[in-house]
Amino acid sequence: MSLLSLSHLTVRRGCCPVVDDVTLTVSGGEFVGLIGPNGAGKTTLLRAAMGLLPHDGQSSLAALPARLRARAAAFLPQSREIAWPVSVEALVELGRVPHPGAGAEADRQAVDRALARMGLQGYRGRIATALSGGEQARVLIARTLAQETPLLLADEPVAGLDPESQIRAMQVFAALAAEGRAVVASIHDLGLAARHCTRLVMLARGRLVADGAPAVVLTPDNLAEVFGVRAYFAQTPDGPVFQPLGVIR
Amino acid sequence: MRYRLLLAGLSALVALLFAVSLLVGPAALGLTESLSALFRGQGEAVVLVMREIRLPRAILALMVGGVLGLSGAAMQGFLRNPLAEPGLVGVSSSAALGAVIALQTGIAASFTLALPLSALAGAALSVVLIVALAGPRGGALALILAGIAISALAGAGVALVLNLSPNPFAAAEIVFWMMGSLADRSMTHVALAVPFMLAGAALLLMLGRGLDALTLGEDAAESLGVRLGRLRMVVILGTALSVGAAVAVAGTVGFVGLVVPHILRPLVGARPSRLLPAAALGGAAMLLAADIAVRVIAPDRDLKLGVLTALVGAPFFLHLIWRMRRLEA
C-alpha cells in the first residue's frame, strides 16, 4: 500500500529548482534512506513532501488537510528545537496532539511505547532542555513515535548520536518498517544507511539520480559522480559493510 | 494534581484580594456595613461607595490583571521567548496614543466614554496595520518588527501631542494618565471594557494545544496539524481585544504581562497550555494586590498603579535574571 507518492515535485528558490521534478512512491514495509551530498535538496524534499513549503507537482501528504496529514505522517525536523524546559514525558506527549479524541489511557500507552522503543523509560521526569544534544535527539524521535502514524519522515534523525544510539535508532526505524509502516529518513552516514535501510534514494542537485536496494544505488559510478568518493562495499557474514575510503576529485 | 492545586490556590488568592479590594478605601466603612451595602442596601452613601466606586475598581483590577497575564503568557508561548510581552504587537502604545489625543483635543471631557473609545480606536488601527504587515503569511520575526515599528510610531505620536500641548496642566494630565490607574472608574467603564476583554481572553485560552506544539518549533508544530497562520491571527486579535480594552480603561500598566508568566512557568512544568489559565489568575492577583497597595501606601497622594507595578516588577525581574544567570553558569 502506498503511503506517500510524490509526482513531479519541484521546489524553486528564486528561479533555480532546489528539488527538481522528483517522482517517488513509498509503500508500507519500506525504510527509505534519503542520501546525497550537502545541498542536494534532502531537507527541502522532505519539507515539501509534508506540505511545509510551496511547491509544484503533487505530494499525497501535502494534499491532505492539516489534521488528517498529522495522523498520516509524523515529521522530525532537522533543527532540534525544544523551546521550554518541559519534562521528557510532556514533550513526548506532544506527539498525541493530532489525536484529541484518543482518550487519556490510549495517550499514556502510546507515550509509554514510544519511550520504551527509544530506551528512555528512565528519563520521564527529566527536564528535556537539560539533557545532552544526543539525548534530546532521542527524545524528539520518541515524540514522532508517540504520534503512531503509518509514515515517518525524519530529517537527519541519527546525526550527532553515539554509535549505540545510532544503531538502536536505525533498528527502531527498521522495526517500524517490518511492522508494515514506512520510514523515510535523510542520512549522511552511508554505512548505517547501507546496513539498515531497505531502499536508498540518491539525490544530486535536486534531482533523483538513483533509487533501489542499497547495492543497486551505492555503485562506484554513482559514488564518484554524486559524492566524489570511492568506497569499500561488501556483503559479509555480518551483513553489508560500507566504508568510504577517499576523495577522487 | 499539583497543577489543579496551583489553580485552586491562585483562585483562592484572587477571591481573597478581590474581597480586600472592596474593603479598602478612604471612606472608613466597617466590614459588615460595607458588605451588606454591596448586596442589599439602597440609595445610601455607603451603597454608592461600594457599588459605584469600589466594585468597578475591583472588577477592573481583576480583569485588566487577568488579560495582561494571559496575553503575556500567550505572546511568550507564541514567540517562544520569555522576554515577549503583550505590548510587543504595538497595541498598548497605539491605545495610549488614542487616549492621549482624546485628552489633548478635549473630546475626553465631552462624555464619559470618549477617552476609552478613542483608545480602543487607536488599538483597532494598530491591529489593522499589524495584520497588513505581518498577517496570516508573515513569520514571527515580521510580527516582532512590525510591532516595534508601530510602537515607535505611536510613541512618537504621544511625544508630539505632549510637545504641542497648550499648557503644563494638559501635559501633566496626559503624563498622569499614561502612568496607569484604576481610580475613579465607573460601572460604565466596566460595561465598555469587559466584553472586549472577555472576548480576547476566550480567543487566547483556545490556543493551548497549538502553543504546546510550538515548543517543538514551527515546522514540527505545523506537521502536528497546527495551522500557524490561523494561530498567529488569533494571538494578534486576542491580544489586541483584551489589551486594547485594558489600556483604554486603565492606562498603560507595565510588567504584569512580562513578570507573571515568568514567575508561574516553573510551577506549571513550563507547558504553555497550562501557563495560560495560571498566568490569567496570577495577573489578576498581582494587579489586585498592586491596586490595594497604592491605596494603602499613600492614601492621599494618588500613587499611580503603573508606577507601582514597574517599581516592584523591575527589581523582581532583575532578581529572576540574576538567578537564571547563576543556574546557567
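Letters go in sequence order (proteins before strands), and every chain restarts at 1.
Other residues, nucleotides and ligands place more than 12 heavy atoms under 6.0 Å from the CZ atom of R71(A). Atom CZ of R13(A) has 12 or fewer heavy atoms from other residues, nucleotides or ligands within 6.0 Å. Applying the 6.0 Å contact sphere to CZ of F196(B) captures no more than 12 heavy atoms from other residues, nucleotides or ligands.
Of the two parts of R80(A), neither the backbone nor the side chain holds a non-hydrogen atom closer than 4.5 Å to a non-hydrogen atom of chain B. Both the backbone and the side chain of P82(B) come within contact range of chain A, judged by heavy atoms closer than 4.5 Å.
Below 4.5 Å, heavy atoms of chain B meet heavy atoms from P85(A), V86(A), A90(A), L91(A), E93(A), L94(A), G95(A), R96(A), V97(A), P98(A), H99(A), P100(A), all part of residues 85-102 of chain A. Of residues 116-153 of chain A, those residues with a non-hydrogen atom less than 4.5 Å from any non-hydrogen atom of chain B are, in numerical order, L140(A), R143(A), Q147(A). Within residues 173-184 of chain A, no residue has any heavy atom closer than 4.5 Å to a heavy atom of chain B.
When each of V268(B), D219(B), D212(B) is checked for heavy-atom pairs under 4.5 Å with chain A, D219(B) comes out on top.
With sequence neighbours left out, the salt bridge (Lys or Arg N to Asp or Glu O under 4.0 Å) criterion links R168(A) to E164(A).
Atom CZ of R67(A) sits about 11.5 Å away from atom CG of L224(B), to the nearest 0.5 Å. In this structure, L216(B) CG and L76(A) CG are separated by 9.5 Å, a value rounded to the nearest 0.5 Å. Atom OG in S223(B) sits 10.5 Å away from atom CG in L61(A) (nearest 0.5 Å).
R271(B) places no side-chain N or O within 3.5 Å of a backbone atom of W84(A) that could act as its donor or acceptor partner.
Heavy atoms only, all atoms of each residue included: R227(B) and A66(A) are closest at CG-CB, 4.1 Å. Of all heavy-atom pairs spanning G217(B) and E81(A), the tightest one is CA-OE1, 3.5 Å.
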